Amino acid sequence: MPELPEVETMRRGLLCLVGRRIAAVNRPPCRCRPIALTPRLAQFRRRAVGQRIEAVERRGKRVLLVLTAGERIVFEPRMTGLVLVGRPPDRDYLRFELTVSGRGPKRLLFWDRRGLGSVKLLRPDEVETQLGSNQLGPDALEVTATTLRKRLSPSRRAIKIALLDQRSLAGVGNLYASEILHVAGVHPERPCARLATDEWRRIHATMRRVLKRAIAMEGSTLSDGTYRTALNNPGSYQNFHRVYDRRGDKCPTCCIGTIERIVQGQRSTFFCPVCQPANGRARSR
DNA sequence: CCCCAGTCCTGCGGGC
DNA sequence: TGCCCGCAGGACTGGG
């Protein structure tokens with residue numbers, strides 16, 4: 001479930017690789033089905049080995065290694081994927097390995113228990129067609145309040161659903177969507193088209209605040225313990241969750257409401273009916 | 001445009 | 001106690 005804060009934490013953990021050269025590309029033997037690489041391993045090697053890692057970028061929930069030729073190696077963790085320079089949790093689900101030259105960590109690992117994630121080597125034009133503005137909305141930490149409102153407000157969808165749509169806005173996932181709307185005092189089922197300008201302002205400001213705090217805490221490691229930083233440490237933002245996975249708890253903000261769980265688009269949403277009333281007259285905090 | 005169900009995958013929790 | 005079902009969900013696809 002890495003979302004923007006977790007993926008940004010991974011990105012920062014990979015900055016130690018900048019300036020170093022890719023010496024080898026491997027799919028280490030593991031207990032699981034080998035990861036499907038794009039392109040296939042032989043061509044991946046041909047194009048990647050010898051290239052210098054010029055920068056490490058993030059686009060929404062993906063981490064990108066920028067290579068000399070302008071190509072990018074794109075890691076998409078999806079549910080359980082990890083990009084590591086430290087020890088992997090185990091060798092069973094180790095799917096991909098980049099060996100690098102020079103000082104510092106010797107290799108970058110892609111570990112993925114459920115195997116829904118992917119690793120791709122893309123040419124610059126492929127990066128644009130696959131990760132450009134036609135496919136991916138503006139990054140949640142870069143979008144302005146005005147742009148956010150203009151992009152989402154024409155829609156009649158529920159605000160929670162819209163926040164999860166990566167073509168509208170990149171980076172927010174299921175966990176942070178609930179957390180953001182709670183602090184913003186906006187009911188998750190309210191249609192975008194019915195939100196007032198002031199609510200959009202609160203959603204925007206809250207989104208930035210929540211995501212930045214989560215980054216400062218190195219993301220959220222839930223009870224399954226899957227998410228890890230690049231150095232294989234847990235994050236600590238889970239200790240600050242106000243609603244996510246807290247159904248039945250007293251709301252920590254108002255101390256009156258009880259956290260509810262509903263399903264939207266086949267995903268769990270958590271909210272406080274007192275802080276986030278359905279009629280939209282919530283005051284934030 | 002938007003919604004829904006199905007798909008991928010594995011671990012785990014609830015229920016019997 | 002042990003086993004099985006179904007849930008968890010990010011992104012994508014196909015049908016309505």
Side-chain angles (χ1 to χ4, degrees), chain A residues 1-8 10 27 30-38 58-64 74-83 88-96 110-120 122 126-127 129-137 139-140 150-181 188-195 211 214 219-228 238 241 243-248 261-270:
Chain A
M1 47 137 337
E3 303 181 26
L4 188 151
E6 289 76 26
V7 178
E8 175 62 18
M10 290 178 192
R27 260 186 312 214
C30 65
R31 222 181 45 166
C32 52
R33 185 169 55 81
I35 191 173
L37 292 178
T38 307
R58 179 184 58 75
R59 294 208 188 180
K61 303 177 194 172
R62 294 164 172 96
V63 202
L64 293 74
V74 181
F75 298 93
E76 188 181 2
R78 298 253 185 127
M79 292 303 295
T80 54
L82 297 178
V83 183
D90 58 53
R91 305 226 87 201
D92 292 348
Y93 304 108
L94 195 52
R95 314 237 176 196
F96 179 82
F110 186 73
W111 181 97
D112 188 358
R113 176 158 35 78
R114 283 163 67 174
L116 301 180
S118 69
V119 179
K120 294 179 179 175
L122 301 181
E126 294 173 318
V127 173
T129 54
Q130 294 189 31
L131 301 179
S133 53
N134 285 345
Q135 300 299 321
L136 228 45
D139 193 85
K150 285 187 174 165
R151 285 187 72 91
L152 301 191
S153 64
S155 168
R156 290 197 292 250
R157 305 141 96 190
I159 178 63
K160 160 75 168 7
I161 301 280
L163 288 176
L164 293 183
D165 182 352
Q166 302 299 297
R167 287 165 308 183
S168 303
L169 177 74
V172 175
N174 198 50
L175 189 161
Y176 291 99
S178 282
E179 292 296 320
I180 289 164
L181 290 175
E189 289 182 303
R190 301 203 53 223
C192 290
R194 295 234 188 99
L195 295 175
L211 295 177
S220 301
T221 298
L222 301 183
S223 52
D224 71 358
T226 298
Y227 164 71
R228 290 287 196 259
Q238 66 278 5
H241 293 173
V243 292
Y244 185 78
D245 209 13
R246 297 204 186 284
R247 169 174 42 169
R261 174 188 178 270
I262 57 175
V263 174
Q264 292 180 280
Q266 295 134 255
R267 277 161 229 178
S268 297
T269 302
F270 299 88

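In what follows, chains carry the letters A, B, and so on, assigned in the order in which the sequence lines appear, proteins first and then strands, with residues in each chain numbered from 1. Just so it is clear, the model here is predicted, and its values are computed rather than measured.
Among B:dC4, B:dC8, C:dA11, the nucleotide with an atom closest to any side-chain atom of A:Arg33 is B:dC8. The nucleotide whose nearest atom lies closest to any side-chain atom of A:Arg31 is, among C:dA11, B:dG11, C:dA8, B:dG11. In this structure, the nucleotide among B:dC4, C:dA11, B:dC9 sitting nearest to the side chain of A:Arg267 is C:dA11. The side chain of A:Arg113 lies closest to B:dG11, out of B:dG11, B:dC9, B:dC2. Each of B:dC3, B:dC4, C:dG10 was ranked by its minimum atom distance to the side chain of A:Lys61; first place goes to C:dG10.
The side-chain heavy atoms of A:Tyr227 and A:Leu222, taken from C-beta on, include no pair separated by under 4.5 Å. Taking 4.5 Å as the limit, every side-chain heavy atom of A:Leu163 sits out of range of all side-chain heavy atoms of A:Lys160. Counting heavy atoms from C-beta on, the side chains of A:Arg58 and A:Val63 never come closer than 4.5 Å. Put simply, the side chain of A:Thr269 does not reach to within 4.5 Å of the side chain of A:Glu189, judged on heavy atoms.
Each of A:Gln135 and A:Val263 has a nearest nucleotide on DNA chain C; the 5'-most of these lies closest to A:Val263. Positionally, the nearest nucleotide of DNA chain B for A:Arg156 lies more toward the 5' end than for the other of A:Arg156 and A:Asp224.
In this structure, A:Glu3 places its CD atom 13 Å from C1' of C:dA11, rounding to the nearest Å. In this structure, the CG atom of A:Leu136 is 15 Å from the P atom of C:dG10, given to the nearest Å. Following rounding to the nearest Å, A:Trp111 (CH2) and B:dG11 (C1') show an atom-to-atom distance of 11 Å. Computed from coordinates, the A:Leu94 CG to B:dT10 C1' distance equals 17 Å when rounded to whole Å. For A:Leu164 and C:dA11, the CG to P distance is 9 Å, given to the nearest whole Å. Spacing between atom CD1 of A:Ile262 and atom P of C:dA8 amounts to 13 Å, rounded to whole angstrom units. Note: CD1 (A:Ile161) to P (B:dC3) measures 7 Å, nearest angstrom. At whole-Å resolution of the value, CG in A:Asn174 and P in C:dC7 are 16 Å apart.
For A:Tyr93, a side-chain nitrogen or oxygen approaches OP1 or OP2 of B:dG11 to under 4.0 Å. For the OP1/OP2 pair of C:dA11 and a distance below 4.0 Å, the side-chain nitrogens and oxygens of A:Gln166 include at least one atom meeting the criterion. Side-chain N/O atoms of A:Arg157 include one lying less than 4.0 angstrom from OP1 or OP2 on B:dC3.
At the heavy-atom level, A:Gln266 lies under 4.0 Å from base atoms of the strands shown. Among the atoms of the strands shown, none is found under 4.0 Å from any heavy atom of A:Arg167. A:Arg261 comes within contact range of the sugar-phosphate backbone alone, with a heavy-atom separation under 4.0 Å but no base atom that close. Across all strands shown, A:Ser155 has heavy atoms under 4.0 Å from sugar-phosphate atoms exclusively, and none from any base. When heavy atoms are screened at a 4.0 angstrom cut-off, A:Tyr176 is found touching no nucleic acid atom at all.
Smallest separation of non-hydrogen atoms from A:Leu82 and A:Thr226: CD1-O, 3.6 Å.
Electrostatic pairing of A:Asp165 and A:Arg157 counts as a salt bridge here, judged by a charged N lying under 4.0 Å from a carboxylate O.
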